[in-house]
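I have placed the structure first, in the form of structure tokens, so that the comments after it can refer back to it.
Counting convention: from 1, in listed order, for ligands and their atoms alike.
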Amino acid sequence: TGSTSEILQRPQHPYTTKLLAAPPSSQPGAFALISDKADVVLEASGIGKAYGQNENSIQAVRRVDLRVRRGEIVGIYGPSGCGKSTLLRILATIETPTEGSIFLGGELATSARTDRLLSYNARNGFVMPIFQDPVSSLDRRWPIWRTVTEALTAKHPPEKPSREHRQSISLEFLRRVGLDAIAPEVRPGELSVGQCLRVAIARALVAEPKLIVADEPTSALDAVIAASVLRLLKQAADSGMGIVIVSHDRTLLDALCNRVWRCATE
Ligand code: ADP
């Protein structure tokens, strides 16, 4: 408590000091240079998406061309309703476009001509999403070790990894996202929003994807927790993953991304 100027200029509580230091604008990132010879993990070509038919149709996404290379962080920025989340779902091959095609690792993954996923990559953890609402993106009935290692059961259906193996992998990845103090048996309801988001990041990392797509991943978090989540995404990019991150926060994207693509409404 205190006047605005007192709090901003002479913060008393240690956490207030941390909050003031946390926004990415005050920590300019060191960007890795992305060579134009680096592997292209994602190529979106002429993507459009219309919902509904004829005069009632809504054009949610218009003519998007986007290329993401290994190790690159690409931001998608724009006002509410411009189609960012829809575009991200299409890039993640969760939804099919009504125009254009998506290539993952050079293979045609989905296109307007079919409703099916066309490539092995699209089905096999090549791209992992991190959703806007981390709490509802986790299965509330499952202990978090099960959620974190879900991709392992999808990748190896004939030889399912044992429960013990999955638990030890979950411990390793929970440690990587800074959740080593959390028991792998807890359920999402016992965690904070920020902790649920870290679980969702751990789940994405376990799949060893080539691309992570994240929709407003820090919108529900305070500045300190948000900064730590952005550091995790940056580390993932430094380890060679491509990252696409949607946000309405231009400052955040400018501090984090190699490139920001602006989503236009018209
Ligand atoms: P943003 O993420 O930029 O806020 P969205 O991708 O959520 O934008 O939405 C873009 C437009 O598409 C909005 O007009 C929205 O109402 C519409 N839209 C999104 N999803 C659907 C859907 N499943 N059915 C119909 N319209 C949708």
Side-chain angles (χ1 to χ4, degrees), residues 23-24 41-68 72-104 109-118 122-123 127-138 193-194 196-197 200-201 203-204 209 211-221 223 225-226 229-230 233 236-237 242-266:
V41 285
L42 170 87
E43 177 102 41
S45 168
I47 294 298
K49 178 75 179 182
Y51 289 107
Q53 302 279 315
N54 309 326
E55 68 273 14
N56 295 325
S57 84
I58 294 171
Q59 190 70 36
V61 176
R62 291 161 204 275
R63 296 179 303 275
V64 176
D65 295 306
L66 199 65
R67 181 178 291 161
V68 183
E72 188 174 30
I73 310 182
V74 175
I76 297 180
Y77 166 76
S80 184
C82 73
K84 303 183 295 297
S85 297
T86 306
L87 174 61
L88 208 73
R89 289 196 301 274
I90 294 172
L91 300 183
T93 66
I94 295 166
E95 237 177 278
T96 45
T98 48
E99 290 166 75
S101 307
I102 300 286
F103 297 83
L104 294 177
T110 182
S111 92
R113 292 200 210 111
T114 172
D115 273 344
R116 288 185 306 122
L117 293 179
L118 300 172
R123 292 185 296 268
V127 41
M128 288 296 287
I130 294 170
F131 295 104
Q132 193 167 7
D133 177 356
V135 181
S136 68
S137 81
L138 307 179
V193 179
C196 286
L197 185 61
I201 294 176
R203 167 175 59 185
L211 178 71
I212 289 182
V213 298
D215 193 357
E216 301 270 10
T218 58
S219 62
L221 308 179
I225 315 282
V229 164
L230 296 179
L233 292 175
I243 311 273
V244 179
I245 176 167
V246 154
S247 180
H248 62 275
D249 183 342
R250 183 70 204 230
T251 316
L252 177 155
L253 292 178
D254 283 343
L256 182 71
C257 300
N258 302 96
R259 205 150 49 80
V260 177
W261 181 81
R262 196 177 194 298
C263 169
T265 37
E266 292 304 325

field: Is_contact(atom 16 (O) of ligand 1), protein non-hydrogen, under 4.0 Å
entry: no
Shortest protein heavy-atom distance from atom 21 (C) of ligand 1, along with the residue and atom involved: Tyr51 CE1, 3.3 Å
field: Shortest reach to atom 3 (O) of ligand 1 by a heavy atom, considering only Lys49, Lys84, Gln59
entry: Lys84
- request: Using modelled atom types only, decide if a donor and an acceptor are shared between the side chain of Glu216 and the backbone of His248 within a distance under 3.5 Å.
  value: yes
task: Using a strict 4.0 Å cut-off to heavy atoms of Gly83, name the atoms of ligand 1 that fall inside it.
output: 1 (P), 3 (O), 5 (P), 6 (O), 8 (O), 10 (C)
- request: To the nearest 0.5 Å, tell me how far Leu253 CG sits from Ile76 CD1.
  value: 9.5 Å
field: Contacting atoms of ligand 1, where contact means under 4.0 angstrom from a heavy atom of Ser80
entry: 4 (O)
field: Results of salt bridge (Lys or Arg N to Asp or Glu O under 4.0 Å) for Lys49 - residues two or more places apart only
entry: Glu95
Proximity to ligand 1 by part of Cys263, non-hydrogen separation under 4.0 Å: neither
- prompt: Heavy-atom contacts under 4.0 Å between Arg89 and ligand 1: side chain, backbone, both, or neither?
  reply: side chain
- prompt: Please state which protein non-hydrogen atom is closest to atom 7 (O) of ligand 1 and give its distance, to 0.1 Å?
  reply: Ser85 CB, 3.9 Å
field: Those atoms of ligand 1 less than 4.0 Å from some heavy atom in Pro79
entry: 3 (O)
Residue pair Leu42 / Val127, side-chain heavy-atom distance below 4.5 Å: no
field: Test item, Gly78 contacting ligand 1 (heavy atom, 4.0 angstrom)
entry: no
- request: Report yes or no: does Asn258 contribute a side-chain atom to a donor-acceptor pair with the main-chain N or O of Ile73 at less than 3.5 Å?
  value: yes
- request: First locate atom OG1 of Thr86, then atom CD1 of Ile47, and finally report the distance between them rounded to the nearest 0.5 Å.
  value: 12.0 Å
statement: Applying side chain to side chain donor-acceptor pair (under 3.5 Å) to Asp65 and not counting sequence neighbours gives none
query: Sub-3.5 Å donor-acceptor pair from the side chain of Asp133 to the main-chain atoms of Val135, do we have one?
result: yes
- prompt: For atom 12 (O) of ligand 1, which protein heavy atom lies nearest, and how many Å away is it?
  reply: Ala60 CB, 3.2 Å
- prompt: In terms of residue, atom name and distance, what is the protein heavy atom nearest to atom 4 (O) of ligand 1?
  reply: Gly81 N, 2.7 Å
message: Tell me if a side-chain donor or acceptor on Thr98 pairs with a main-chain N or O of Ala50 at a distance below 3.5 Å.
response: yes
query: For atom 14 (O) of ligand 1, which protein heavy atom lies nearest, and how many Å away is it?
result: Ile58 CG2, 4.0 Å
field: Cys82-ligand 1 polar pair, N/O distance under 3.5 Å
entry: yes
statement: re atom 9 (O) of ligand 1, the protein heavy-atom contact at minimum distance is Thr86 OG1, 3.8 Å
- prompt: Hey, is the main chain of Val61 close enough, under 3.5 Å, to the side chain of Gln59 for a donor-acceptor pair?
  reply: yes
